[in-house]
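Worksheet: the structure to be examined is printed underneath.
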Amino acid sequence: MVRAYRTARPGATAADLRTAILGDGLFGAATRRMAAAHAGRDQGKGATFGYRFGWRSDALDGQLGASHVMELPFVFDVAGLAALHGSGALLGTTAAPADLARRTHAAWVRFAATGDPGWPAQGPGRRGVQQIGATWRFVDDPDPLEVAAWS
């Protein structure tokens, strides 16, 4: 496991590797398995869409990063709320890209209304992920070394 993560992240510190492995152990590995199972069933019952929210908060001296639930203020377009900002608050002190909340919110509203957030669906053998942050891009099969390590 460590070898796979170190190969995929050659410049990572030991702490970075520990965080990546623990994060995948807590969230990533099971989420990928669940998405693959959902994508492999009858597509007439709804498509499967993957995303990775990558905007990193500087809260807690940058240790919070792009943690679990970080996307929620952007999904609900409330990232401007004063209570979410400050050195100990979820979004920290650095402003997010101006249109990130608007764009993220629009994708979730589009998904709720139409079943399509605006990027390709996953399918049997296709594990694409929309990367959401300062820039948006769709990536087919991200993190193949890490995925293989958990298989």
Side-chain angles (χ1 to χ4, degrees), residues 1-60 62-81 84 90-92 96-151:
M1 184 74 60
V2 173
R3 187 178 313 118
Y5 278 74
R6 187 173 302 285
T7 301
R9 297 168 169 81
T13 66
D16 292 338
L17 294 173
R18 180 180 64 241
T19 299
I21 292 169
L22 288 174
D24 270 353
L26 291 170
F27 301 107
T31 300
R32 286 189 296 265
R33 282 195 296 276
M34 183 176 65
H38 189 266
R41 69 177 189 11
D42 177 10
Q43 291 298 304
K45 296 181 180 181
T48 304
F49 298 92
Y51 74 94
R52 179 179 295 161
F53 193 81
W55 182 78
R56 299 183 60 82
S57 170
D58 67 357
L60 304 174
Q63 294 180 46
L64 197 52
S67 64
H68 183 61
V69 308
M70 185 60 65
E71 76 275 19
L72 293 181
F74 300 90
V75 167
F76 293 104
D77 199 6
V78 295
L81 290 176
L84 295 172
L90 181 66
L91 301 182
D99 71 335
L100 184 56
R102 179 196 56 75
R103 246 182 120 179
T104 304
H105 180 72
W108 262 250
V109 168
R110 185 172 44 247
F111 177 73
T114 69
D116 180 357
W119 57 82
Q122 295 183 355
R126 180 170 189 203
R127 195 182 64 80
V129 172
Q130 179 67 39
Q131 293 184 337
I132 298 173
T135 59
W136 288 44
R137 81 183 166 107
F138 187 79
V139 179
D140 273 312
D141 194 27
D143 311 316
L145 296 172
E146 294 93 326
V147 170
W150 287 95
S151 297

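No hydrogens, no waters, no symmetry mates; every other heavy atom, side chains included, goes into these values. Throughout, numbering of the chain's residues begins at 1 and tracks the sequence.
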Roughly how far, to the nearest 0.5 Å, is [atom2] of [Y] from [atom1] of [X]?
X    : Y    : atom1 : atom2 : answer
L64  : S57  : CG    : OG    : 5.0 Å
R3   : L145 : CZ    : CG    : 11.5 Å
L72  : D77  : CG    : CG    : 13.0 Å
I21  : R6   : CD1   : CZ    : 8.5 Å
E146 : D143 : CD    : CG    : 4.5 Å

State, with a plain yes or no, whether a side-chain heavy atom of [X] is found less than 4.5 Å away from one of [Y].
X    : Y    : value
T135 : R137 : no
W136 : R103 : yes
D141 : P144 : yes
V139 : Q130 : no
P73  : L81  : no

Determine all donor-acceptor pairs shorter than 3.5 Å in which one atom belongs to a side chain in residues 22-36; sequence neighbours excluded.
unit_1, atom_1, unit_2, atom_2, d
D24, OD2, Y5, OH, 2.4
T31, OG1, F27, O, 2.6

Is there a donor-acceptor contact under 3.5 Å from the side chain of [X] to the main chain of [Y]?
X    : Y    : value
Q122 : G128 : yes
T104 : V75  : no
T13  : D16  : yes

Original post:
Does a sphere of radius 6.0 Å around CZ in F76 hold more than 12 heavy atoms from other residues, nucleotides or ligands, not counting ones at 6.0 Å or beyond?
Top reply: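 Incorrect, the count does not exceed 12.
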
Subject >> Heavy atoms from other residues, nucleotides or ligands near CZ of R9 exceed 12 (cutoff 6.0 Å) >> reply: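 Check passes, neighbour count above 12.
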
[X] and [Y]: which non-hydrogen atoms are nearest, and at how many Å?
X    : Y    : answer
P120 : F49  : O-CD2, 3.7 Å
R56  : G62  : NH2-O, 4.0 Å
A47  : A121 : CB-CB, 3.8 Å
A149 : A4   : CB-CB, 3.7 Å
P124 : G40  : CG-CA, 4.1 Å

Original post:
Going through the checks in order, is the side-chain contact (heavy atoms from CB on, under 4.5 Å) test met by E71 and I132?
Top reply: CA-CA 9 Å; E71 76 275 19; I132 298 173; over 6 Å; no

Could you pull out every donor-acceptor pair under 3.5 Å between side chains of residues 108-116 and any protein atom, sequence neighbours left out?
unit_1, atom_1, unit_2, atom_2, d
R110, NE, P117, O, 2.9
R110, NH2, P117, O, 2.5
T114, OG1, R110, O, 2.7
T114, OG1, D116, N, 3.1
T114, OG1, D116, O, 3.3
D116, OD1, G118, N, 2.8

Subject >> Partner set under salt bridge (charged side-chain N to carboxylate O under 4.0 Å, His left out) for R126, not counting sequence neighbours >> reply: D140

**OP:** Please assess L100 against F53 for the test side-chain contact (heavy atoms from CB on, under 4.5 Å), listing each intermediate value before the final yes or no.
**Re:** CA-CA 10 Å; L100 184 56; F53 193 81; 3.8 Å; yes

Subject >> Modelled atom types, side-chain donor and acceptor of Q131 and Y51, under 3.5 Å >> reply: no

